[in-house]
Amino acid sequence: MGTRLEGKPVVQFLRENIKSRVRVLEENGVFPTLLLIRVGEREDDIFYEKSILKNCDLLRIKGMVKQLPSSVSMDELTKVFKDVNHDSAIHGIMIFRPLPDHLDLDIIRNLIDPVKDIDCMSPVNLEKVFEGNSTGFAPCTAKAVIEILKYYDIPLKGANVVVAGRSLVVGKPLAMLLLDENATVSICHSRTKEMPAVTANADIVVAAIGKAKFMTEEYFKENSIVVDVGINDDDTGKICGDVDFDAVLDKVKAITPATGGVGIITTTILLDHVVQACEKLTGVSKNFCLK
Ligand code: NAD
């Protein structure tokens, strides 16, 4: 029976660290603040927004929402970013994506102040990930994968890791973060030939392809460590990962569950980034206090 790599203890561990840093900020009269920008009323966005705000409360981070109609113009959105970039009371900014088609994401990505860009939307932060420069903000999901592996003491140095999926949000930046940890990284994608032969050779497989229960037993070996990033609906509308968890659990060394795995860590990383942004912008941090 493989081990379930649960996200909850990782979240608890990260939360304790965040709480102690928030305490220091508060003692110095600084209150970390996140602004969420939501365009329209997409159900997924509202669900994620609620979860982020609940977590903000838990961690004593001020969470605010700027709600805009789905008809908002580029000019209006540009003005919103200008205002919030300059508002010193706001430390972290995130806009829910995807955005309505009439809004040009390539322009919007450049509107956000990279120092407040806690979800790695700005090309400045993405470039830093690819340069191996840790002074920016990496995409939260990619970082959540690294955190779960580190928490469970899974060696990365020299490990053969296959990342299945090459999106700019998960697969590619994750491959870069794994390289920074000195792993030997391969990327698989929709045109990869005989993917099971590639993944079954790896020590660690990260699934980020967005296909419900796609990766079955043949993709793994007895010693595989599997991190499933996928969040999909199965035939019955239940949430499932990219890996067929029930079929694979017994056949691998360890695997993250689709619910309660990587996903719950992602939000905590986002809030860790808010606190980091606040520390950078105010110069107050646990190791260096103004007082
Ligand atoms: P995406 O659709 O942008 O990219 C999917 C990638 O998978 C592509 O690079 C594609 O080449 C590859 N792919 C598709 N079919 C494949 C196949 N049959 N074999 C090999 N590769 C294949 O998706 P994304 O935004 O990177 O998200 C991936 C998954 O992760 C989705 O299920 C998404 O819901 C989930 N996700 C989870 C979190 C989280 O916090 N846990 C965050 C973001 C995304």
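Atoms within each ligand, like the ligands themselves, are counted from 1 in listed order.
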Could you pull out every protein residue that has a heavy atom closer than 4.0 Å to ligand 1, ordered by chain and then number? T141, G165, R166, S167, V170, H189, S190, M195, A208, I209, G210, K211, F214, V229, G230, I231, N232, D242, G263, T266
Salt-bridge test for [X] and [Y]: reply yes if a basic N is under 4.0 Å from a carboxylate O, no otherwise.
| X | Y | answer |
| --- | --- | --- |
| E6 | R4 | yes |
| K79 | D75 | no |
| R21 | D272 | yes |

Expected output: side-chain T192 to main-chain H189 donor-acceptor under 3.5 Å: yes
Side chain of D228, backbone of V243: donor and acceptor closer than 3.5 Å? yes
Against F81, only a single residue in I37, N110, D113 fulfils side chain to side chain contact (heavy atoms under 4.5 Å, CB included); can you say which? I37
